[in-house]
Amino acid sequence: MIKTEGLCKSFGQLDVLKGISTEIRKGEVVAVIGPSGCGKSTLLRCMNLLETPTQGKIYFKGEDITAPKTKISSVRERLGMVFQHFHLFPHMTVLKNVTYAPTKISKVSPDDARKLGMDLLAKVGLEEKANVYPSKLSGGQKQRVAIARALAMKPDVILFDEPTSALDPEMVQEVLEVMKGLAKTGMTMAIVTHEMGFAREVADRVWFLNEGCLAEDAAPDTFFTNPQCDRAKQFLEKML
Ligand code: ADP
Ligand code: MG
């Protein structure tokens, strides 16, 4: 589904990603973990072209999306993203947040959009919040709306950047449950997370990033019981 070859990203003098070559297969759930500042967000942001890679290639379903002719907007439609701080549209109702992109971009009719929106809100357990504004929601509810909104474009992949890091502890689980449900439907997902239990249970693979390099790429059981590099061992000792 996604393949990177020697992906590098620098900001001025700062080399953040230093040649990442890996792939995500269809239906796979990849947990991306690693110390703060190691480049996890930058990696995800490169994958849907929120950042322009400095070097290397990214293929999405076989198409080189780092090629100059790429239509960035069309890539973003097919690669959904969910952020730590939700980024809902504050002046739109919950339902409108979910249906806005499909009506504007895919030209779905208002009736079909409404039906799609209500179906997605049901999926994340928020049908009864359809007509309220985001400011009236808890953090966990906001994030579930953000997930419904990402799903509304029927993406091939969803990239999650620390989706539960801004939540009060009692709300983490409800969001993880929604993500777990999505994983079961076969959605392809990359999830930056500090929830080690979730990563171990739900992910098919773990990427451990360290200083802009993919230090480990392993099955969760292998990674969590027998990490190879010292940095991963240290990291896990602190996290578990
Ligand atoms: P992580 O998500 O793993 O915590 P990031 O990908 O956010 O790490 O950041 C990696 C490094 O790149 C950090 O040193 C950060 O300060 C730097 N960085 C990220 N985005 C930018 C940017 N837009 N401009 C300059 N430096 C950035
Ligand atoms: Mg980050």
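These numbers come from the heavy atoms of this one structure, side chains and all, not from hydrogens, waters or symmetry mates. Both ligands and their constituent atoms are indexed starting at 1 by order of listing.
- At the shortest separation from atom 1 (P) of ligand 1 among protein heavy atoms lies G37 N, 3.5 Å.
- Remark: the backbone N or O of Q228 is paired with a side-chain donor or acceptor of E216 at under 3.5 angstrom.
- Of the N and O atoms on the side chains of T93 and N131, not one donor lies less than 3.5 Å from an acceptor on the other residue.
- The shortest N/O to N/O separation between G39 and ligand 1 falls below 3.5 Å.
- No side-chain donor-acceptor contact under 3.5 Å links T99 to the backbone of R114.
- Nearest protein heavy-atom contact of atom 12 (O) of ligand 1 is V16 CG2, 3.1 Å.
- Inspection of the environment of the Mg ion (ligand 2) yields the following protein N, O or S atoms under 2.8 Å: S41 OG.
- In this model, no donor atom of one side chain and acceptor atom of the other lie less than 3.5 Å apart for S109 and D111.
- The nearest heavy-atom contact from the protein to atom 19 (C) of ligand 1 is F11 CE1, 3.6 Å.
- For atom 7 (O) of ligand 1, the nearest protein heavy atom (residue, atom name, distance) is S41 CB, 3.6 Å.
- Listed by number with element, the atoms of ligand 1 under 4.0 Å from a non-hydrogen atom of S36 are 4 (O).
- Cluster membership check: V30 does not share its hydrophobic cluster with M187, using side-chain heavy-atom separations under 4.5 Å among Ile, Leu, Val, Met, Phe, Trp and Tyr.
- The N/O atoms of L14, backbone and side chain alike, include none that comes under 3.5 Å of an N/O atom in ligand 1.
- Contact check on E201 versus K180 returns a salt bridge, with a Lys/Arg side-chain nitrogen under 4.0 Å from an Asp/Glu carboxylate oxygen.
- Of the N or O atoms in T42, one or more lie within a sub-3.5 Å distance of an N or O in ligand 1.
- Within the structure, the side chain to side chain donor-acceptor pair (under 3.5 Å) test picks out the following pairs touching residues 39-53 (sequence neighbours left out): S41-D161, R45-E51.
- Ion pairing between K129 and E127 fails under the 4.0 Å rule for side-chain N and carboxylate O.
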*Verdict with supporting geometry, E63 and R78, salt bridge (charged side-chain N to carboxylate O under 4.0 Å, His left out)*: CA-CA 13 Å; E63 175 194 344; R78 293 176 293 152; 3.7 Å; yes

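- Relative to the six-membered ring of F89, R149 meets both conditions, a distance below 6.0 Å and an angle of at most 45° to the axis.
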